[in-house]
Amino acid sequence: MIKQVLRDLLYDPLNSFLKGSLDRDWLEIEIPKQVDHGHFATPISFRLASLLKKPPSHIANDMADFLNSKDVIKSCCVCHAMNGFINMTLTDEYLYQYVRSMGMRRPSFDRVSASILVEYVSANPTGPLHIGHGRWAVLGDVICRLLAFTGQSFSSEFYVNDAGNQIQLFYDSVAAVKDNKPIAENGYQGDYIYDLATSSEDPVGRVIQQQKDVLASMGVCLDNWFSEKSLYQDACIDEVLALLDKQSFLEHNEGATWFKTTLFGDDKDRVLIKSDGSYTYFLVDIAYHYTKIQRGYSQLVTILGADHHGYVKRLEACVKALTSGKSPVELNIIIGQLVNLFRDGDPVRMSKRSGDMIALSDVIDEIGSDAVRFFLIQNSADTHIDFDLELAKKQSSENPVFYIQYAHARMHSLLTKLDYNEENQEDYEFTDAETQLLHTCSLFYDVVWDATRLYMPYKLAQYAYQLARSFHLFYEACPMKTASDADRQRRLALVFSTKRVLADVLELLGVTAPDRM
RNA sequence: GCGCCCGUAGCUCAGUUGGAUAGAGCAACGGACUUCUAAUCCGUGGGUCGGGAGUUCGACUCUCUCCGGGCGCGCCA
């Protein structure tokens, strides 16, 4: 990672400047918003101001002078102090060699956690997935791709709610249609119920298969599909009750058994065994989380829709109680805000119970997996998405997916048509547009790492756009066909490196990187 | 009533341990195609960061309060 490289480069000189009192964490590397402030900058003088009792600008000036006097810095970087910041401009050759080295090997990323389980989608198998499920799916999938890319130990899982009241209601609804009886008031009413009723196959099994197929059609494959029903067959529900009881987390009241979740910050205590003796969903879910912990995961990542955020405190209480007195397990819940579908500005209804809903599969059929994935991943999970189907279909500059893919197609075209020879590179005098492209490329691993450790995959989508933009700009400013041999080979080398980065980015996003469009 | 999320340019959004003159894209307007793919690029205009108060060298960022929008608050799943 380039920031790490710079931090390592600056640490020793600055530490000697400060006579050995430099804390590594203070040496923060930023990317200036304005290009004339250099490629990178550090605001370290602000941190040191109170310690040294000098104004930041003085400290920055002294440090920049000191750094520029050091041969090891001077060979790769020019430092200049401005407004208290130390701005750094890397030499073209250093930047180029760094970007080139990125293609040779990946850096060794830190561990996020010893072993991670990512649970996502986990929709009820009582009907088709909708666009919101699509969002959790892409979120989870890109997170998993990032975890794999950065060498983490992890697994992904879909929790199948194939037991309980809703399932019974679903079976009843299908059975009613088969018997030519009306579906109950609170039953499932969609057209798909009538389709399912024409088959002798188990409707739940068919819905699960359909969900798998839809996810696969958008490039989402989970490692494990965990059945809720299987929990009833194991002894783990009893084990969980015994475990909670032993630690006095349970309470019997009004004929029911309660879990004192208020001990762990919940608003009120929750029922686990109803007065009629049946189990609540929550109890079974605790058993599910018990198995996660038993399976040895040290971090549990769970993606929930915003319509379930009221459940967060309960889950946190559950994990805290189950690990009480043991080594802690980190629970990391990501809330994805809801998605509203629009067509030409008009909202499209998505009620599960009514017949007129648009399923995720319909959206994928209409606009394609690439566009669906990109539109669902490009914003922070915290923002509500208004997803306009007509916009996503447009093949124009309004549509970022095409902008990015077109960049890749252009790169491929250049490299095949202009006969790039990797050995011919010897010129390191880059123009502004070339340097700017190199700089953007150099940030790739840093973006990957931020997106991974913060569980913010949208940062990667934004980087994809930024990289495509840098490239299109370079493309306009730097002709290759008509350039001198030296210019052409230097630029093609840059195209070659950029293409590799962009292909990696698109692979991480699960969006195709077309060679021609 | 309580809890979580959001409010930044006409629109969609970045801005994450508080730091430079608040940034992009789209849309609008004006330009560039005998070309390596114009699905592109260049230029212009556009802001009381929802309102107010506080914390300090410094606040879009932290605290409080109010306003507006979304979603939750079952012995449902």
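First the proteins, then the strands, lettered A, B, ... as listed; each starts at 1. No hydrogens, no waters, no symmetry mates; every other heavy atom, side chains included, goes into these values. Note that the coordinates shown come from a computational prediction; the quantities given were computed from them, not determined experimentally.
Interface remark: the A/Thr383 side chain does not form any donor-acceptor pair with the B/C6 base, using a distance-only criterion of under 3.5 Å.
Taking the six-membered ring for Trp and thresholds of 30 and 60 degrees, A/Tyr445 and A/Phe109 have ring planes more than 60 degrees apart, a perpendicular arrangement. Between A/Tyr192 and A/Phe170, the ring planes lie parallel to each other; the angle is under 30°, not in the 30° to 60° tilted range. Classification of the A/Tyr311-A/Tyr281 ring pair by plane angle, with boundaries at 30° and 60°, yields tilted. Below 30°, between 30° and 60°, or above 60°: for A/Phe259 and A/Phe249 the angle between ring planes is between 30° and 60°, a tilted geometry.
Spacing between B/C49 and B/U61 at atom P, rounded to whole Å, works out to 10 Å. Comparing the same atom, P, in B/U16 and in B/G3 gives a spacing of 26 Å after rounding to whole Å. Between B/C41 and B/A59, the distance separating the two P atoms is 37 Å to the nearest Å. Separating the P atom of B/C60 from that of B/A22 is a span of 9 Å, rounded to the nearest Å. Here the separation of B/A39 from B/G50, taken at their C1' atoms, is 38 Å to the nearest Å. Separating the C1' atom of B/U56 from that of B/G51 is a span of 23 Å, rounded to the nearest Å. To the nearest whole angstrom, the two P atoms, one in B/G58 and one in B/U21, are 14 Å apart. Here the separation of B/G30 from B/U34, taken at their C1' atoms, is 24 Å to the nearest Å.
Between A/His309 and B/G72, no base-stacking contact is recorded for ring centres under 5.5 Å apart and planes less than 30° from parallel. Judged by centroid separation below 5.5 Å and plane tilt below 30°, A/Tyr465 does not stack onto the base of B/G25.
For B/G72, the OP1/OP2 oxygens have no side-chain nitrogen or oxygen of A/Lys313 closer than 4.0 Å. The side chain of A/Asn165 places an N or O atom within less than 4.0 Å of a non-bridging phosphate oxygen (OP1 or OP2) of B/A77. Between A/Lys459 and B/U16, a side-chain N or O to OP1/OP2 separation shorter than 4.0 Å is absent. Applying the 4.0 Å criterion to OP1 and OP2 of B/C57, one finds that A/Lys54 has every side-chain N and O outside that range. Residue A/Tyr288 places none of its side-chain N or O atoms closer than 4.0 Å to OP1 or OP2 of B/A77. Considering only side-chain N and O atoms, A/Lys481 lies under 4.0 angstrom from the phosphate OP1 or OP2 of B/C36.
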Under-3.5 Å N/O pairs linking protein and nucleotides 38-41 of chain B:
{"unit_1": "B/A38", "atom_1": "OP2", "unit_2": "A/Arg410", "atom_2": "NH2", "d": "2.5"}
{"unit_1": "B/A39", "atom_1": "N1", "unit_2": "A/Gln395", "atom_2": "OE1", "d": "3.4"}
{"unit_1": "B/U40", "atom_1": "O2'", "unit_2": "A/Arg410", "atom_2": "NH1", "d": "3.1"}
{"unit_1": "B/U40", "atom_1": "O2'", "unit_2": "A/Glu476", "atom_2": "OE2", "d": "2.9"}
{"unit_1": "B/U40", "atom_1": "O2", "unit_2": "A/Glu476", "atom_2": "OE2", "d": "3.3"}
{"unit_1": "B/C41", "atom_1": "OP1", "unit_2": "A/Tyr403", "atom_2": "OH", "d": "2.4"}
{"unit_1": "B/C41", "atom_1": "OP1", "unit_2": "A/Arg469", "atom_2": "NH1", "d": "3.2"}

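A/Tyr288 and A/Glu157 are linked by a side-chain donor-acceptor pair at a separation below 3.5 angstrom, with hydrogens and angles left out of the test. Side chain to side chain, A/Gln436 and A/Ser470 meet the donor-acceptor criterion of an N or O pair below 3.5 Å.
As the counterpart of B/G68, B/C6 is assigned, both hydrogen-bonding distances of the Watson-Crick or G-U wobble pattern falling under 3.5 Å. Base pairing annotation: B/C41 forms a Watson-Crick or G-U wobble pair with B/G31, both donor-acceptor distances under 3.5 Å.
Within 4.0 Å of A/Pro479, counting heavy atoms only, lies at least one base atom of the nucleic acid.
Listed by chain and number, the residues in a ring pair (Phe, Tyr, Trp, His ring centres under 6.0 Å) with A/Tyr120 amount to none (sequence neighbours excluded).
As a whole-Å value, the separation of A/Asp285 CG from B/C75 C1' is 17 Å.
Both tests do not hold together for A/Arg410 against A/Phe471: distance to the six-membered ring centre under 6.0 Å, angle to the ring axis within 45°. Taking the ring axis of A/Tyr403 as reference, the NZ or CZ atom of A/Arg469 does not stay both within 45° of it and closer than 6.0 Å to the ring centre.
Listed by residue number, the members of residues 369-380 of chain A with any heavy atom below 4.0 angstrom from RNA chain B are A/Asn379, A/Ser380.
For A/Ser413, the side-chain atoms get nearest to B/C36 when compared with the rest of B/C36, B/C76, B/A20.
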**Message:** Go through it in stages, so that I can follow the logic: the residues are A/Val401 and A/Phe375, the test is side chain to side chain contact (heavy atoms under 4.5 Å, CB included), and I'd like the CA-CA distance, side-chain angles, deciding distance and then a yes or no.
**Reply:** CA-CA 8 Å; A/Val401 185; A/Phe375 273 81; 4.0 Å; yes

